[in-house]
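Inspection log for the structure reproduced underneath, given as C-alpha cells.
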Amino acid sequence: MMNLVLSKFGNVIATDEKSAEIYNFINEAVKKNDVVKIDAKNVTISTKSSRLIFGKLYKQLTSKIFLEKIVIENASPIFMFSVNEGISTEIEMI
C-alpha cells in the first residue's frame, strides 16, 4: 500500500502542475498493482484538478479497479464533492 498525504502539495490543489504530480504518483502506484491511500485532511481541491487527477484515473481504470485501488481518507464533504464533480465532468467529455 502506498500512502499519499495531499497536504504535502499544499492546502489547496488547483494548478495543472500539482495535479500532474499527484496523477503521476497515483498512476504509477496503480500500475504496480498497489492500493493508494490518499490522506486529504485539511486539503481543498478544485474541480479542474479533480478532473485532471481522479476523472482521468477513473476513465482509464474502470470504476471497479478505481474503487479497489484508490482509497480517500479524511476528506471533507466539499473535497469529495469536487472529486465526484471532476469524475462526472471527465466522463461526459469525449
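Predicted model, so just to flag it, every value in this text is computed and none were measured.
The OG atom of Ser50 lies 11.5 Å from the CD atom of Glu90; values are rounded to the nearest 0.5 Å. Here the straight-line distance linking atom CD1 of Ile72 with atom CD1 of Ile38 works out to 5.0 Å at 0.5 Å rounding. Interatomic distance, Asp39 CG to Lys8 NZ, rounded to the nearest 0.5 Å: 12.0 Å. Atom CD of Glu28 and atom CE of Met2 lie 9.5 Å apart (nearest 0.5 Å). Atom CG of Leu61 is separated from atom NZ of Lys31 by 10.5 Å, given to the nearest 0.5 angstrom. Here Leu52 contributes atom CG and Glu17 contributes atom CD; the two are 10.5 Å apart, rounded to the nearest 0.5 Å.
When all heavy atoms of Met1 and Asp34 are compared, the closest pair comes out as N-OD1, 4.2 Å. When all heavy atoms of Met93 and Lys59 are compared, the pair lying nearest together is O-NZ, 3.0 Å. For the pair Ser19 and Ile53, the tightest heavy-atom approach, listed with the atom from each and the gap, is O-CG1, 3.4 Å.
By the 4.5 Å heavy-atom criterion applied to side chains, Ile22 and Leu4 are counted as neighbours. Considering only heavy atoms from C-beta on, Gln60 comes within 4.5 Å of Asn27 through its side chain.
A ring pair (Phe, Tyr, Trp, His ring centres under 6.0 Å) check over residues 27-52, counting only residues at least two apart or in different chains, returns nothing. Under the ring pair (Phe, Tyr, Trp, His ring centres under 6.0 Å) criterion, no residue pair touches residues 13-42, with sequence neighbours excluded.
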Review item, side-chain donor-acceptor pairs of residues 75-89, under 3.5 Å, at least two apart:
from: Ser76; atom 1: OG; to: Phe79; atom 2: N; distance (Å): 3.1
from: Ser82; atom 1: OG; to: Ile45; atom 2: O; distance (Å): 3.1
from: Ser82; atom 1: OG; to: Ile78; atom 2: O; distance (Å): 3.3
from: Asn84; atom 1: ND2; to: Met80; atom 2: O; distance (Å): 3.2
from: Ser88; atom 1: OG; to: Asn84; atom 2: O; distance (Å): 2.9
from: Thr89; atom 1: OG1; to: Glu85; atom 2: O; distance (Å): 2.7

Show me the donor-acceptor pairs within less than 3.5 Å that the side chains of residues 63-70 make with the rest of the protein, sequence neighbours left out.
from: Lys64; atom 1: NZ; to: Glu68; atom 2: OE2; distance (Å): 2.5
from: Lys69; atom 1: NZ; to: Asn33; atom 2: O; distance (Å): 3.2
from: Lys69; atom 1: NZ; to: Asn33; atom 2: OD1; distance (Å): 2.7

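Residues forming a salt bridge (charged side-chain N to carboxylate O under 4.0 Å, His left out) with Lys48 (at least two apart in sequence, or on another chain): Asp16. For Glu21, the salt bridge (charged side-chain N to carboxylate O under 4.0 Å, His left out) test picks out no residue, with sequence neighbours left out.
Placement of Ile26 and Ile91 within a single hydrophobic cluster is found when ILVMFWY residues are connected by side-chain heavy-atom separations under 4.5 Å, directly or transitively.
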>> Let's go through Asn11 and Asn42 carefully: what are the C-alpha distance in whole Å and the side-chain angles of both, what is the deciding distance for side-chain hydrogen bond (donor to acceptor under 3.5 Å, both in side chains) to 0.1 Å, and is it a yes or a no?
In response: CA-CA 6 Å; Asn11 288 348; Asn42 299 323; over 6 Å; no
